[in-house]
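Throughout, protein chains are lettered first and strands after them, A, B, ... in sequence-line order, and every chain is numbered starting at 1. Model, not experiment: these values are computed from the prediction.
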2 protein chains.
Amino acid sequence: MNFTLDQLRAFLEVARTGGVRKAADRLNITQPAVTARIKTLEDTLGAALFDRSSGMALTKRGDALLGYAEHYLELGSLIERDVAGPEGFTRLFRMGVSETIAQSWLPEFVQALRAAYPNLTVEIDVDISRALRERLFENKIDLALLMGPLSDYRVENVALPTFDLRWFRAAGATHASPAEGASVITFARDTRPFRTLKEELLARYGPDIALFPSSSLSACFRMVAADLGVGALPQALAEPYLSRNEIEEFDPGWRPEALTFSASYLTGPGATLGQAAASLALKTAEDFHK
Amino acid sequence: MNFTLDQLRAFLEVARTGGVRKAADRLNITQPAVTARIKTLEDTLGAALFDRSSGMALTKRGDALLGYAEHYLELGSLIERDVAGPEGFTRLFRMGVSETIAQSWLPEFVQALRAAYPNLTVEIDVDISRALRERLFENKIDLALLMGPLSDYRVENVALPTFDLRWFRAAGATHASPAEGASVITFARDTRPFRTLKEELLARYGPDIALFPSSSLSACFRMVAADLGVGALPQALAEPYLSRNEIEEFDPGWRPEALTFSASYLTGPGATLGQAAASLALKTAEDFHK
DNA sequence: AGAGGTTACGGGCAGCGTAAGGATC
DNA sequence: GATCCTTACGCTGCCCGTAACCTCT
């Protein structure tokens with residue numbers, strides 16, 4: 001009579017999602033592996049846990065196991081929280097990061113994370129915030145560093161320092177300005193800053209302003225330097241271009257509102273590491289912003 | 001972060017007994033295996049659990065783990081009790097049996113046990129009750145079928161049918177009787193029946209009665225049949241010798257008191273199987289005694 | 001035919017026992 | 001030197017992923 005935590009996790013995930021395939025996705029293992037775990041668990045317990053005839057429905061015994069299994073995993077995360085040391089976290093930690101952060105203090109953060117948890121395998125996924133949100137809810141990433149807090153009861157948000165947006169243009173292009181019809185280069189379509197900026201520009205200058213969204217922030221800066229338009233971009237990332245004299249800041253009389261970021265993770269058992277990493281991200285970001 | 005129930009069991013046993021060696025004894029594995037389990041557990045938790053400098057004392061973290069580990073094992077036995085089926089008991093079940101029972105309904109009991117729990121590996125150890133008692137407290141056997149209830153708060157006793165003792169002599173040896181100085185053949189030295197019988201004989205017939213203790217009950221019967229003395233032996237085991245006309249019963253005017261047996265097991269988590277087996281033993285014994 | 005679950009199979013790794021090696025009293 | 005605990009090592013058995021198979025719609 002010896003079952004493992006992995007088996008119980010697989011059991012719970014199948015019971016919750018109602019399918020072996022979905023459970024396998026969430027557990028990051030192959031689908032036959034989930035089948036095998038369930039089968040082994042059923043063998044060691046000597047009882048059928050699922051009724052396969054109508055699509056993996058819980059049997060009576062499976063239902064009885066449900067509560068115990070949850071209790072088990074809770075205990076596991078309590079141990080993780082109260083007795084495990086930093087070196088105990090030997091596993092994959094998947095982060096989703098929006099590009100603004102990836103371009104600023106992400107390296108320092110990863111370094112700090114690896115120093116604090118030396119056995120952690122860190123996997124980084126740079127994408128737009130909307131995609132990160134989805135991936136977080138799908139449990140495909142453990143921590144998301146993205147724009148704005150996520151308002152969902154399942155999510156814990158740690159507010160990060162904001163990024164001020166400033167106007168930039170190619171160095172010496174003294175007349176370029178949105179007021180004079182210059183194109184505006186900014187974030188990828190489908191992001192919140194893009195939409196608010198678009199509305200703001202429409203309200204201030206009418207419908208003729210062209211917006212060039214780019215999925216790469218550094219591409220934005222390079223396009224600004226090449227005088228393809230002016231940019232409303234994070235001040236914190238402009239320094240290298242400014243010091244190389246490729247771009248210059250200017251003031252058209254207003255600024256887009258600052259970008260708010262948060263470190264967000266799903267709550268519930270197993271969130272210990274997400275919580276710790278979010279705090280560390282906040283600390284790193286504060287150091288970075290002086 | 002993946003620890004095993006086996007690791008927690010080893011941890012608990014070392015913490016309780018204060019030694020790796022003793023823990024290994026109780027867990028029925030070698031001592032290096034215990035070391036390895038503890039080490040692996042410490043590695044996966046990334047924290048030292050024992051302070052080796054002064055003989056395996058718990059560290060602060062080890063102490064914190066203690067309560068959680070106990071809770072874990074409790075949950076494990078709850079699952080065993082509530083969701084596992086009979087086929088789930090795939091393990092070694094060690095029984096200690098006193099010879100009287102081994103000679104009577106033990107085969108039927110083992111058969112019934114194996115039918116109820118087909119995956120059980122049953123190990124049988126026939127010895128005198130005093131030795132069985134020790135082995136039970138050392139956790140070297142899971143169930144003891146022995147004489148009399150064990151009065152200890154750790155032990156649960158299920159009363160079994162008693163065995164009446166009768167007097168037997170060789171068939172046709174009409175004059176053999178303890179009153180006429182015949183030797184008395186009975187149980188092994190160091191058993192309770194031996195002592196009470198000895199006192200009784202001393203009180204009734206004086207110090208001249210020779211007592212021949214034998215460690216084998218069937219040897220007792222054969223010695224009686226060979227007219228080496230008379231026997232005070234369990235009636236229930238006499239039938240084959242009576243029907244083959246090798247021995248006969250006689251009445252010297254009194255009988256030793258009946259033997260009381262019990263199925264005894266240690267209480268606590270993990271006693272599910274002991275409890276079930278004890279009930280089954282009672283049922284089998286009652287059937288045997290008609 | 002396609003989606004979802006199980007079975008077959010080969011490779012890697014973990015955990016056991018035996019045997020040898022410290023450390024501490 | 002005796003008593004514990006740990007390390008070394010070969011072996012077995014488990015569990016994963018790949019790939020083929022089954023079954024129901």
Charged N-O contact under 4.0 Å between A/Glu42 and A/Arg52: yes
Atom pairs, protein N/O to nucleotides 12-16 of chain D N/O, distance under 3.5 Å:
unit_1 : atom_1 : unit_2  : atom_2 : d
D/dC16 : OP1    : A/Arg37 : NE     : 2.7
D/dC16 : OP1    : A/Arg37 : NH2    : 3.1

Are any of the side-chain nitrogens in B/Asp125 or B/Arg94 under 4.0 Å away from the carboxylate oxygens of its partner? no
Donor-acceptor list for residues 62-74 of chain B side chains, cut-off 3.5 Å, not counting sequence neighbours:
unit_1  : atom_1 : unit_2  : atom_2 : d
B/Tyr68 : OH     : A/Asp82 : OD2    : 2.4
B/Tyr72 : OH     : A/Tyr72 : O      : 3.4

Applying the side chain to side chain contact (heavy atoms under 4.5 Å, CB included) test to B/Phe93, which of B/Thr121, B/Leu120, B/Ile141, B/Ile124 qualifies? B/Leu120
Which whole-number value in Å describes the distance from B/Leu5 CG to C/dG15 P? 13 Å
Just wondering, more than 12 heavy atoms not from B/Glu108 lying within 6.0 Å of its CD? yes
For B/Leu49 and D/dC5, give me the distance from atom CG to atom C1', rounded to whole Å. 16 Å
Are there any protein N/O atoms within less than 3.5 Å of an N/O atom in nucleotides 2-6 of chain C, and if so, which ones and at what distance?
unit_1 : atom_1 : unit_2  : atom_2 : d
C/dG5  : OP1    : A/Val20 : N      : 3.2
C/dG5  : OP2    : A/Arg21 : N      : 3.0
C/dG5  : N7     : A/Gln31 : NE2    : 3.0
C/dT6  : OP1    : A/Arg52 : NE     : 2.7
C/dT6  : OP1    : A/Arg52 : NH2    : 3.2
C/dT6  : OP2    : A/Thr35 : OG1    : 2.9

Non-neighbouring partners of B/Phe11 that pass ring-ring contact (aromatic ring centres under 6.0 Å, His included), sequence neighbours left out: B/Phe50
By ring-ring contact (aromatic ring centres under 6.0 Å, His included) - contacts of A/Phe261 (at least two apart): A/Phe163
Rounding to an integer number of Å, can you tell me how far B/Glu42 CD sits from D/dC5 P? 13 Å
To the nearest Å, how far apart are B/Asp43 CG and D/dT7 C1'? 14 Å
Integer-rounded Å distance: D/dG17 C1' and A/Asn28 CG: 14 Å
Sequence neighbours left out, what passes ring-ring contact (aromatic ring centres under 6.0 Å, His included) with B/Phe109? Give chain and number order. none
